[in-house]
Amino acid sequence: MTDIGTTVLGYPRIGPDRELKRALERYWAHKIDEAALRETGRELRERTWRDLASAGLDSIPSNTFSHYDQVLDTAELFGALPERFTRLGLSPLDTYFAAARGVQDAPALEMTKWFDTNYHYLVPEVGPDTTFTLAGTKPVDEYREAKALDIETRPVLVGPVTFLLLAKSTTKDFRPLDLLDTLLPRYVELLRRLHAEGVEWVQLDEPAFAADRTEAELNALIRTYHWLADESERPKILVAGYFGHLGRGLGVLARSPIEAVAVDLVTDGSFVDAVAAEPALRDKEVLAGVVDGRNVWRTDPDRALAHAATLMGVAGKVSVSTSCSLLHVPYDVEREAGLHSRLKGWLAFARQKVDEVVLLGKALRGDDVELSSARQAIADRRAATALADEEVRARIAAMRPEDAVRAPYAERAAAQQAALGLPPLPTTTIGSFPQTTEVRKARAAHKAGTLDEAAYGSAMRTEIERVVRLQEDLGLDVLVHGEPERNDMVQYFAELLTGFATTAHGWVQSYGSRCVRPPILYGDVSRPAPMTVAWARHAQSLTPKPVKGMLTGPVTILAWSFVRDDQPLADTARQVALAVRDEVHDLEAAGIRIIQVDEPALRELLPLRKACHDEYFAWAVSAFRLATSGIADSTQIHTHMCYSEFGEVLPAIDALDADVTSIEAARSKMEVLTDLSAAGFGRGVGPGVYDIHSPRVPDVEEVCTLLRTAVATVPADRLWVNPDCGLKTRGYAEVESALRNLVAASRAVRKELV
Ligand SMILES: CN1c2c(nc(N)[nH]c2=O)NC[C@@H]1CNc1ccc(C(=O)N[C@@H](CCC(=O)N[C@@H](CCC(=O)N[C@@H](CCC(=O)O)C(=O)O)C(=O)O)C(=O)O)cc1
Ligand SMILES: N[C@@H](CCS)C(=O)O
Ligand SMILES: [Zn+2]
């Protein structure tokens with residue numbers, strides 16, 4: 001009889017009420033000291049471990065807590081923070097935060113998407129001279145902390161190969177993976193320390209192997225786990241591969257002398273067959289990731305048990321687990337009093353998923369457990385979502401290919417220039433202006449019912465007027481209304497579309513202290529009424545300058561929601577696209593001449609495996625085009641992208657056919673422009689010249705330098721001047737100065753043109 005275990009690969013850490021977010025922001029504002037911040041972290045860890053232990057998991061992860069990001073933690077742990085931070089003379093914690101957030105003379109590390117999720121990690125910087133040392137004790141400390149509570153845990157670490165594959169080289173022609181042999185001895189040192197501490201198991205995360213990998217990278221995986229396993233004074237090693245199937249990585253891990261492998265059996269349902277066919281797993285423990293760590297639907301117990309059962313007899317031991325860390329889902333659906341009870345019955349957040357794992361473990365052991373309520377929930381959801389919105393489906397079916405095509409760009413560009421008469425290097429912003437405490441308080445009061453609709457509307461209109469006047473004063477060419485009415489660029493729309501539900505407490509960490517409440521897309525989507533027109537019309541009524549309408553695109557709405565898993569994403573995307581299209585048409589009818597449809601998640605949703613790229617590009621691009629066509633040539637469509645490396649999606653960015661694309665570029669010093677030009681991109685482009693991730697204010701000369709670089713690559717008549725992204729996370733003082741410098745730089749470089 002195969003032994004059965006239960007575990008999860010990780011857990012949320014921001015706190016059920018975002019306690020860590022509040023403590024971090026208070027610490028950064030010098031309102032609490034380091035001890036108080038650390039105490040908040042300790043309380044959250046204790047709560048998590050106690051919850052997981054009382055739920056009945058056999059193995060409990062630790063070191064899943066972070067003050068900002070687990071990749072940054074790893075860089076710090078191995079003494080790999082760049083010198084520009086370590087030489088500042090700050091405390092270790094402030095050095096860590098300087099790397100995360102930047103300070104005036106030391107720009108932060110780059111931040112980018114954690115695989116295909118909306119979580120962002122900080123990109124380690126390494127070069128040929130990087131030396132690693134075991135500089136910290138965080139995994140040991142957190143293990144000890146749990147042990148003192150009488151809770152045995154399994155420290156979780158970013159695996160060495162994934163760490164190096166995620167790192168960025170500071171030197172041309174140098175591959176971070178070449179540092180493997182200098183990094184592995186430090187991991188060995190850490191394993192020894194953990195062993196000496198009494199740690200029985202350690203988890204090394206290697207999600208990089210859910211993407212296509214070269215022979216050299218697979219060899220690095222082989223080398224790593226032979227090297228680490230060779231150490232005799234070490235805990236047992238579990239390697240976790242998640243966010244998709246492991247491809248050839250599975251065979252490598254199965255043949256490595258490690259003790260356990262965690263596999264994701266949710267993302268690709270067929271992977272279970274490859275795992276079952278892997279003879280080298282017979283002496284290992286396999287963690288069957290059958291509970292979805294990234295979506296919020298209740299697990300189908302029969303499917304999960306069938307998958308786990310397939311592995312019995314194949315592996316030495318099978319444990320029921322989540323497909324990935326639960327970092328990507330909210331804490332507890334029980335708190336969602338406002339959710340419709342029927343929908344709530346279909347959902348499982350992190351706490352419920354732990355119970356699912358425990359229940360499935362018991363069922364697999366042959367215990368007499370009650371599965372009927374889980375089965376009933378699955379059946380009820382199936383029955384309910386089968387009730388389609390026939391009107392939406394009929395509209396989609398009636399759409400013809402020509403409905404998603406605009407006139408050639410040259411014709412549109414001429415019509416737009418005639419209508420708008422903009423100067424070369426026009427200046428604009430990406431949409432949001434700082435979300436002040438007053439704005440958030442007004443929204444909270446409106447939600448609580450203490451500020452009525454009229455008073456809330458009036459407060460937002462006042463804010464819009466303030467933002468319009470500020471932009472006029474700054475001398476920007478294309479204005480925005482500033483998005484004060486939006487809690488979030490996806491949630492706002494989800495609240496106004498049918499087919500979506502939103503939560504009150506469903507916070508998920510996006511990066512550092514920033515969180516989102518991803519909406520739950522459970523049914524067919526339509527737009528009952530205009531969503532942004534009144535705000536845009538109000539802003540436009542205040543100024544003769546063009547005001548850009550501001551929408552979120554279909555791909556991003558899907559990427560930042562919990563999506564239905566009962567139909568192809570492509571079908572859901574078309575429904576959302578049609579709703580956005582309705583809004584685009586209404587904005588145009590209201591006299592808005594420029595409309596921006598943000599698609600910052602275009603890169604994020606790109607499948608990790610190349611074999612799936614073409615299918616993705618086809619539906620993602622056609623959804624955007626469906627959303628942005630059927631309008632006059634003179635109406636200018638903008639799109640915007642950020643927080644990603646764009647290399648692989650450049651052809652798709654081109655295929656979107658937007659008139660202007662604003663794109664994050666400041667930290668990478670305009671590199672993206674060369675890449676775009678090389679990909680044949682020939683429309684308007686606004687490379688970000690102000691890094692909004694940092695409180696740093698760029699000076700005029702710095703922006704001029706970036707613009708001169710840009711003008712050397714892109715003809716000036718196609719070049720726009722804007723920040724990297726929206727300004728909602730920044731404060732007014734820094735934003736005003738930065739935008740003033742941005743406008744001054746644009747004017748200065750304009751003069752150099754001719
Ligand atoms: C642009 N990005 C976005 C991503 N994903 C999204 N879904 N949205 C994005 O904008 N991904 C990539 C990038 C980077 N990621 C983020 C993610 C999150 C933020 C951010 O600023 N988040 C805010 C929360 C936003 C929000 O929902 N605000 C609500 C609730 C505000 C609130 O906390 N209210 C208080 C009460 C009011 C008070 O007294 O102040 C409360 O509930 O306690 C709102 O405004 O109504 C964050 O703070 O984390 C940015 C980039
Ligand atoms: N229009 C949005 C885009 C963020 S990616 C904003 O400005 O916040
Ligand atoms: Zn952005």
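Bear in mind that the values here come from a model prediction, so they are computed numbers and not experimental data.
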Does a side-chain heavy-atom distance below 4.5 Å link [X] with [Y]?
X      : Y      : result
Glu604 : Phe115 : no
Thr428 : Gln596 : no
Tyr690 : Cys725 : no
Glu664 : His640 : no
Val597 : Thr556 : no
Pro124 : Thr74  : no
Gln491 : Trp560 : no
Phe209 : Val161 : yes

(request) Dump the intermediate steps for side-chain contact (heavy atoms from CB on, under 4.5 Å) on Val263 and Leu287, then the final yes or no. (result) CA-CA 6 Å; Val263 290; Leu287 276 72; over 6 Å; no
So, the side chain of [X] versus the backbone of [Y]: is there a donor-acceptor pair under 3.5 Å, distance only?
X      : Y      : result
Thr498 : Val525 : no
Ser432 : Leu727 : yes
Arg517 : Val508 : no
Thr322 : Cys324 : yes
Asp205 : Val239 : no
Glu110 : Leu122 : no
Asn722 : Ile430 : no
Glu495 : Tyr492 : no
Thr170 : Val126 : yes
Ser694 : Gly102 : no

What distance separates [X] [atom1] from [Y] [atom2], expressed to the nearest 0.5 Å?
X      : Y      : atom1 : atom2 : answer
Leu569 : Leu605 : CG    : CG    : 6.5 Å
Met111 : Leu72  : CE    : CG    : 11.5 Å
Phe243 : Asp268 : CZ    : CG    : 15.0 Å
Asn63  : Asp73  : CG    : CG    : 7.0 Å
Thr299 : Glu356 : OG1   : CD    : 3.0 Å
Leu558 : Thr552 : CG    : OG1   : 12.0 Å

(request) May I ask you to say whether Arg381 pairs ionically with Asp565, meaning some side-chain N is under 4.0 Å from a carboxylate O? (result)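 Yes, Arg381 and Asp565 are salt-bridged.
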(request) Applying salt bridge (Lys or Arg N to Asp or Glu O under 4.0 Å), run through Lys728 and Glu483 and close with a yes or a no. (result) CA-CA 8 Å; Lys728 63 188 164 202; Glu483 305 178 26; 5.4 Å; no
Classify the ring geometry of [X] against [Y]: parallel below 30°, tilted from 30° to 60°, perpendicular beyond 60°.
X      : Y      : answer
Tyr242 : Trp114 : tilted
His67  : Tyr96  : perpendicular
His120 : Tyr511 : perpendicular

Report yes or no: do [X] and [Y] form a side-chain donor-acceptor pair below 3.5 Å?
X      : Y      : answer
Thr162 : Glu206 : yes
Glu25  : Ser513 : yes
Gln435 : Arg443 : yes
Asp264 : Thr267 : yes

Closest non-hydrogen atom pair, [X] against [Y]:
X      : Y      : answer
Leu347 : Arg298 : O-CG, 3.5 Å
Met670 : Pro687 : SD-CB, 3.7 Å
Ala579 : Leu497 : CB-CD2, 3.7 Å
Asp524 : Arg564 : OD1-NH1, 3.1 Å
Ala710 : Leu719 : CB-CD2, 3.7 Å
Leu9   : Ser325 : CB-N, 3.9 Å

(message) Determine whether the aromatic ring centres of residues Tyr331 and Phe349 are separated by less than 6.0 angstrom.
(response)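 Centroid separation for Phe349 and Tyr331: 6.0 Å or greater.
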(message) Could you check, using the six-membered ring where one of them is a Trp, whether His481 and Phe433 have ring centers closer than 6.0 angstrom?
(response)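 Ring centres of Phe433 and His481 not closer than 6.0 Å.
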(request) May I ask you to establish whether Arg13 and Tyr11 are in a cation-pi arrangement, using a distance under 6.0 Å from NZ or CZ to the six-membered ring centre and at most 45° from the ring axis? (result)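 Output no; distance or angle outside limits.
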(message) I want to check a possible cation-pi pair here: Arg574 against Trp619, using under 6.0 Å from ring centre and within 45° of the ring axis as the test.
(response)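 So Arg574 doesn't make the cation-pi contact.
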(request) List the steps and the verdict of side-chain contact (heavy atoms from CB on, under 4.5 Å) for Trp720 and Val478. (result) CA-CA 10 Å; Trp720 286 64; Val478 171; 3.7 Å; yes
(request) Report the C-alpha separation of Glu583 and Thr532 in whole Å, then their side-chain angles, then the decisive distance to 0.1 Å, and conclude whether the side-chain hydrogen bond (donor to acceptor under 3.5 Å, both in side chains) test is met. (result) CA-CA 8 Å; Glu583 190 71 13; Thr532 64; 2.6 Å; yes
(message) Under the rule for salt bridge (Lys or Arg N to Asp or Glu O under 4.0 Å), what residues qualify as partners of Glu76, not counting sequence neighbours?
(response)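 In terms of salt bridge (Lys or Arg N to Asp or Glu O under 4.0 Å), with neighbours along the sequence ignored, Glu76 is linked to no residue.
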(request) Given salt bridge (Lys or Arg N to Asp or Glu O under 4.0 Å), test Asp654 with Arg683 step by step and report yes or no. (result) CA-CA 8 Å; Asp654 190 33; Arg683 288 175 288 273; 2.5 Å; yes
(message) Before you tell me yes or no, could you show the steps for Leu602 and Val621 under side-chain contact (heavy atoms from CB on, under 4.5 Å), namely the whole-Å CA-CA distance, both residues' side-chain angles and the distance that decides it to 0.1 Å?
(response) CA-CA 9 Å; Leu602 183 72; Val621 168; 5.6 Å; no
(message) Heavy-atom count check: over 12 atoms from other residues, nucleotides or ligands less than 6.0 Å from Gln567 CD?
(response)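 Counting other residues, nucleotides and ligands, CD of Gln567 exceeds 12 neighbours.
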(message) Show, in sequence, the C-alpha distance, side-chain angles and deciding distance for Asp116 and Arg603, and conclude whether the salt bridge (Lys or Arg N to Asp or Glu O under 4.0 Å) test is met.
(response) CA-CA 8 Å; Asp116 55 352; Arg603 171 65 183 81; over 6 Å; no
(request) Could you name each residue pair satisfying salt bridge (Lys or Arg N to Asp or Glu O under 4.0 Å) that touches residues 548-562, not counting sequence neighbours? (result)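 Residue pairs with at least one partner in residues 548-562: there are none.
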(message) Set out, in order, the CA-CA distance, both residues' side-chain angles and the distance that settles side-chain contact (heavy atoms from CB on, under 4.5 Å) for Trp507 and Lys21, then state yes or no.
(response) CA-CA 11 Å; Trp507 295 101; Lys21 171 201 172 63; over 6 Å; no
(message) Taking side-chain hydrogen bond (donor to acceptor under 3.5 Å, both in side chains) as the criterion, tell me which of Gln509, Gln70, His328, Lys113 meets it with Tyr119.
(response)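 Result: among Gln509, Gln70, His328, Lys113, Gln70 is the only option passing the side-chain hydrogen bond (donor to acceptor under 3.5 Å, both in side chains) with Tyr119.
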